[in-house]
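Structure record follows, encoded as structure tokens.
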Amino acid sequence: MALLKNLIPHHSALSLIDNSTSLRQALQIHAHLLTSGAFTHDPSSFNSFLSSLALSSSPPLLSYSHSLLFTSPPQPPSFITVNSLIRAHSSGPSPDLCFSLYRHLLSLSFSPNHYTFTFLLRAAASDHGGLLGPAIHGVLTRFGCGTDRHVQSSLIHMYSSIGLVSHARVIFSDITDPDLVTITSMLTALTESGDVDSAREMFDEMSERDTVSWNAMIAGYVHLARSKDGLDLFGEMLNQGAKVNESTMVSVLTACAHLGALDQGTWVHAYIQKNRLKLNVTLGTSLIDMYSKCGSIERAMKVFWSMKEKNVFTWNSAINGLASNGAAEECLKLFELMERQGVVPDGVTFVGLLQGCCVAGLVQKGREMFSLMKDQYRIEPLHEHYGCMIDLYGRAGKLDEAVQFIHSMPIEPNVSAWRTLLHSCKMYNNVELGEYAMKEITNIEVNNDGAHVLLSNIYADNRIWKGVSSVRERMKEKGVKKEPGCSVIEVHGVVHEFFVRGKSHPRYREIKLMLGEVDRRLRLAGYQANTKEVLFDIEEEDKEDALSWHSEKLAIAFGLVVLEDGVEIRVVKNLRVCWDCHHWTKFVSKTFDRKIVVRDRNRFHHFKDGLCSCKDYW
DNA sequence: CTAGGGTTAG
């Protein structure tokens, strides 16, 4: 009778355990189970309790369950319970614990099965050394589990995670009749090795597709910076009536962020609301990122404040958004709030903070942040952080301090450290230091296109034509090619790409006419082209013409052709905007009475009435 | 107790 009376409450108590259960509640349930004598009367109660805790997907409950298993369990743990714990750890905060549990499993004289191995492989996929996975592969083969399809797709996933796609391929080709999940694993493996085109072939040949396979393909494009292809595929996904979910939208928003596609991003936001998709932390964070990368920091912050659950990614996105939009004060304030709310910042947080200080010229504050990161948060600075510091000094004209800082770095400065210095030399016309930085760069990497271009422009600015031609010679000799400039503009939800001197756009003729018209009106307004910085791969007589062909000019001209009066023109460029284009855009904003937003590799430029938000400091 | 897809910087 006592047994019956107590059984029902136990089971209903256990079924209440989920990821919202606090550790305190779990302890209460434990105490209840002990006092009610469940562990002595019901032979499976202890195992049920452990499994419920482990599978709650709450890290504190998982670790409580783990410790209970090792501290004199009142009933012998079952095989399935130990497997459940291994499973929970494999996607939890410390996957390594899977392996100590595996040893425990063996010490209890259980024999691992195909379930066990899928979990172990998932844990091994996050092993950086990449040695565990192949070892487990050997073991599971000896246990005869190598032909199980779940194990096989886990193997593919594991090999692709440790960078051995060829091994993943071998496993895949041994499977005679791969199912949907296995093909999707292989598809992801291909995209992770950089081969999206093969992945796409595989995707096109699939006899059936589900949401995950669509998502995998879209994410593959987005990760490889083929955002436009990603958006096109998303369009196809909608056309075919496939079901989209939160993950789909995260990838799509990331693509919009890359492209600066505000219309489509806004559309996605509305779609999320209309279709009641759950605005979880990840999705919310990608929305913040999309808005801030599209230059709409207000909307980004509106989403930020509306989110009740935030993680370090969320805070970082907001901090970075404020920094790149030039709102240094707010960025620093937000960080204070983050600290007060007890969210622990990471290395990425400090990249954002240092960039914020950098664009605002807050040298002292930047120094403080750098020491705060090292001394208080014990975060080891990476190249990115050192780069920000060099930029901080260099931009502020403190070239000596920048050099001193490089020399005092505990790690070997990389190419971008020196290139940052080189960029400051360009800003402050320091030929000698520029040559020194260039020498250091060529010691590390002979063919750095950006550095060659910078040095040549330093020479050109200082009318040292011999220097210009010698850099030109060297580039020819070494076959250094400048990364092609590319600008994108979204018009009525369609993304258009422009390349330097590219004539491929269908409305090229109209664009060319508009450029002529712009030139005419700008000259009347007093604009003079600056041909000093033109790339030397273009012949002398083409100079002025070539200037008007920089990709951002094409994109802006296209915007003038097709966008209604008063509509903001927003352009995203893959390189830094050059001095002439910046100057030109300021004139256009005034002469044509247009707001123009250009996002370059580093930051935003909001042009209005002939002025830019960067105050000509970029 | 199973396998595959998602966020921040550079």
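Chain letters run A, B, ... following the sequence lines, proteins first, then strands; residues in each count from 1. Bear in mind the structure is a predicted one, so any value in this text is a computation, not a measurement.
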Which nucleotide sits closest to the side chain of [X]: [options]?
X      : options             : value
A:D148 : B:dT8, B:dC1, B:dT2 : B:dT2
A:N316 : B:dG6, B:dT7, B:dT8 : B:dT8
A:T254 : B:dA9, B:dA3, B:dT7 : B:dT7
A:N215 : B:dA3, B:dG5, B:dT7 : B:dG5
A:T282 : B:dA3, B:dG6, B:dG4 : B:dG6

Give the rounded distance in Å between these two atoms: [atom1] of [X] and [atom2] of [N].
X      : N     : atom1 : atom2 : result
A:D179 : B:dT2 : CG    : P     : 17 Å
A:L287 : B:dG6 : CG    : P     : 18 Å
A:L353 : B:dT8 : CG    : P     : 18 Å
A:M290 : B:dT8 : CE    : P     : 13 Å
A:I175 : B:dA3 : CD1   : C1'   : 11 Å
A:H258 : B:dT8 : NE2   : C1'   : 11 Å
A:L62  : B:dC1 : CG    : C1'   : 13 Å
A:F79  : B:dT2 : CZ    : P     : 13 Å

Name every residue in [range] that has at least one heavy atom under 4.0 Å from any atom of DNA chain B, in order of residue number, or write none if there are no such residues.
range                       : result
residues 204-212 of chain A : A:D210, A:T211, A:V212
residues 182-195 of chain A : A:T182, A:T184, A:S185, A:T188
residues 218-237 of chain A : A:A219, A:H223
residues 98-115 of chain A  : A:H114, A:Y115

Reckon [X] touches a base, only the sugar-phosphate, or nothing at all at heavy-atom distances under 4.0 Å?
X      : result
A:R149 : base
A:L180 : base
A:K310 : nothing

Gap separating the CG atom of A:L97 from the OG atom of A:S100, nearest 0.5 angstrom: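 Between A:L97 CG and A:S100 OG, I get 5.0 Å after rounding to 0.5 Å.
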Restricting to salt bridge (charged side-chain N to carboxylate O under 4.0 Å, His left out), what partner residues turn up for [X], sequence neighbours left out?
X      : value
A:D346 : none
A:D204 : A:R200
A:K365 : A:E368
A:E201 : none

Under 3.5 Å donor-acceptor pair, A:N245 side-chain atoms to B:dG5 base atoms: yes
Heavy-atom donor-acceptor pair, A:S154 side-chain to B:dA3 base, under 3.5 Å: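 Answer is no: no donor-acceptor pair is held.
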Ring geometry between A:F335 and A:F350 (parallel below 30°, tilted from 30 to 60°, perpendicular above 60°):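 A:F350 and A:F335: perpendicular rings.
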Charged tip of A:R209 within 45° of A:F203 ring normal and under 6.0 Å: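 Pair A:R209/A:F203 counts as cation-pi.
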Evaluation steps, side chain to side chain donor-acceptor pair (under 3.5 Å), between A:S416 and A:N414: CA-CA 6 Å; A:S416 55; A:N414 63 5; 3.2 Å; yes
Residues forming a side-chain hydrogen bond (donor to acceptor under 3.5 Å, both in side chains) with A:R603, sequence neighbours excluded: none
Phosphate contact (B:dG4 OP1 or OP2) by A:H150 side-chain N/O below 4.0 Å: no
Under 4.0 angstrom between A:R87 side-chain N/O and B:dT2 OP1 or OP2: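 Yes, A:R87 has a side-chain N/O under 4.0 Å of OP1/OP2 on B:dT2.
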Check: A:L69 and A:L101 side chains under 4.5 Å, non-hydrogen atoms: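 Yes, at least one pair of side-chain atoms sits under 4.5 Å.
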Where at least one partner belongs to residues 163-200 of chain A, residue pairs that pass ring-ring contact (aromatic ring centres under 6.0 Å, His included), sequence neighbours excluded: A:Y159-A:H167
Closest approach of A:A189 to A:V165 (non-hydrogen atoms, all atoms of both residues): O-CG1, 3.7 Å
Within residues 228-240 of chain A or reaching into it, pairs that qualify as side chain to side chain donor-acceptor pair (under 3.5 Å) - sequence neighbours excluded: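 For residues 228-240 of chain A, and leaving out neighbouring residues, the side chain to side chain donor-acceptor pair (under 3.5 Å) pairs sorted by first residue read A:R226-A:D229.
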Residue pairs involving residues 241-250 of chain A (criterion side chain to side chain donor-acceptor pair (under 3.5 Å); sequence neighbours excluded): A:N215-A:N245, A:N215-A:T248, A:N245-A:T248
Main-chain N/O of A:I297 paired with A:N325 side-chain donor or acceptor, under 3.5 Å: no
